[in-house]
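Below you'll find the structure, written out as structure tokens, and then a few comments.
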Amino acid sequence: MTHPNLHGGRPGDGCTGACCLKISDLSVTIGESTILHDVNLHLHCGEICALIGPNGAGKSTLFRAILGQIPHGGSITFELAGGTHIGPRIGYVPQTPTFGPGDPVSVFDLFSVSVSRYPVFLPTPKALRHRVEHCLERVHGEALIDKRVGALSGGELQRVLLAMALEPLPRILILDEPMSGVDIEGMKLLMDMLDDIRSHYDLSILISTHDFSMLERYADKVLLLKHTVLRSGPPDVVLSSPEFNAAFHLNEGRGPVS
């Protein structure tokens, strides 16, 4: 476990004996608009960091910068235990895509085109099917392999997308609003899986969410973002902070006013 900086600020340099993700003084400018500035984050492997903030705060922009999809100022580095800097493999779960109920594509079809170039209209090699089954086992989804993607529930689709993001195994896992369209039981199942995955594979996990009910149970730290870091630290500290109340225009309580 880390000793989080409760007020955001510049991440520390000491990571002896642990791998970590460091984001320092990150900024993103598009045209004449500054989307992000002075963003700092220090996250060790095996930790879950929840990224929260109002709509338009720059959460997806931060993810795109980490993924290398847009130019940015500042630095993003991943450091192995012992101080070696590498370009990390990143797994990404996007906001839930929409599939029509009549779409004929199966989970196996969707998964196989992401891990293999073998044409899906030809007879399936046993080795490829076994590989997909093994990947789905990581998220307890092997029973979904022949189900049509359009017939999946929100929670089932998130499990499939998560399995795809874990093949090959990344060092950083990013999930953009995975709770959208998922019921309470599905949320708990997803967070239990992420909790198990981060422990088993020693991943850094970044997850954006508008649902704060499970943060204190699962997140090691929370980053409150509104174009810059307003507050970071343990969930209870961030969720009870005046910065949180101001960001979501709250007078009291912990949930956004409808």
Requested in this report: Look up atom CG in Leu215 and atom CG in Asp220, then write down how far apart they are to the nearest 0.5 Å.
Outcome: 11.5 Å

**Report entry** Side-chain heavy atoms of Asp192 within contact of Tyr218, under 4.5 Å
**Finding:** yes

Query raised in the report: Run the side chain to side chain contact (heavy atoms under 4.5 Å, CB included) check on His37 and Leu26 step by step: do they pass?
Result: CA-CA 6 Å; His37 64 91; Leu26 183 135; over 6 Å; no

Requested in this report: Measure from the side-chain N and O atoms of Arg138 to the backbone N and O of Ala163, and report whether any donor-acceptor pair falls under 3.5 Å.
Outcome: no

Query raised in the report: In this structure, are over 12 heavy atoms from other groups packed under 6.0 Å from Arg171 atom CZ?
Result: no

Report task. Determine, for Arg217 against Asp195, whether the closest basic-nitrogen to carboxylate-oxygen distance falls under 4.0 angstrom. Result -> no

Report task. Using a strict 4.0 Å threshold on nitrogen-to-oxygen distance, state whether Arg131 and Glu167 make a salt bridge. Result -> yes

Report task. Test Leu203 against Leu166 for side chain to side chain contact (heavy atoms under 4.5 Å, CB included), laying out the working first. Result -> CA-CA 10 Å; Leu203 305 179; Leu166 291 172; 4.0 Å; yes

Query raised in the report: Is a donor on one side and an acceptor on the other found under 3.5 Å between the side chain of Lys59 and the backbone of Ile52?
Result: no

Query raised in the report: With side chains defined as the heavy atoms from C-beta onward, is the minimum distance between Leu162 and Leu190 less than 4.5 Å?
Result: yes

Report task. Would you indicate whether His85, at its atom NE2, is surrounded by more than 12 heavy atoms from other residues, nucleotides or ligands within a distance under 6.0 Å? Result -> yes

Query raised in the report: Atom CG of Leu21 and atom CZ of Phe78: how far apart are they, to the nearest 0.5 Å?
Result: 7.0 Å

Query raised in the report: Sub-3.5 Å donor-acceptor pair from the side chain of Thr34 to the main-chain atoms of Leu36, do we have one?
Result: no

Requested in this report: Could you please spell out the steps behind the side chain to side chain contact (heavy atoms under 4.5 Å, CB included) verdict for Asp146 and Val107?
Outcome: CA-CA 6 Å; Asp146 292 315; Val107 169; over 6 Å; no

Requested in this report: Give the intermediate values and the outcome of side chain to side chain contact (heavy atoms under 4.5 Å, CB included) for residues Asp103 and Val149.
Outcome: CA-CA 7 Å; Asp103 288 344; Val149 175; 6.0 Å; no

**Report entry** Donor-acceptor contact below 3.5 Å, side chain Ser106 vs main chain Lys147
**Finding:** no

Query raised in the report: If you round to the nearest 0.5 Å, how far is CG of Leu62 from NE2 of His227?
Result: 13.0 Å

Query raised in the report: If you take all heavy atoms of His72 and Ile76, which pair is closest and at what distance?
Result: NE2-CD1, 3.7 Å

Query - Side-chain donor-acceptor contact under 3.5 Å, Thr228 with Asp38 - result: no

Query raised in the report: Can you find a pair of side-chain heavy atoms, one from Leu223 and one from Cys49, that are under 4.5 Å apart?
Result: yes

Query raised in the report: When rounded to the nearest 0.5 angstrom, what is the spacing between CZ in Phe63 and CD1 in Ile207?
Result: 8.0 Å

Report task. Check for a donor-acceptor pair, side chain of Arg89 on one end and backbone N or O of Pro168 on the other, with a separation under 3.5 Å. Result -> no

Report summary line: To the nearest 0.5 Å, atom NZ of Lys22 lies from atom OG of Ser204 at 12.5 Å

Query - Salt bridge Lys188-Asp183, side-chain N to carboxylate O under 4.0 Å - result: no

Query raised in the report: Is it true that a side-chain atom of Ser112 and a backbone atom of Asp109 form a donor plus acceptor pair closer than 3.5 Å?
Result: yes

Requested in this report: Drop me the distance from Leu224's CG to Leu230's CG, to the nearest 0.5 angstrom.
Outcome: 4.5 Å

Requested in this report: Check whether any side-chain N or O of Asn40 sits under 3.5 Å from a backbone N or O of Asp25 as a donor-acceptor pair, and report yes or no.
Outcome: yes

Query raised in the report: Quick one: are the Cys19 and Cys45 sulfurs under 2.5 Å apart?
Result: yes

Query raised in the report: Which heavy-atom pair separates Val160 from Phe111 by the least distance, and what is that distance?
Result: O-CE1, 4.2 Å

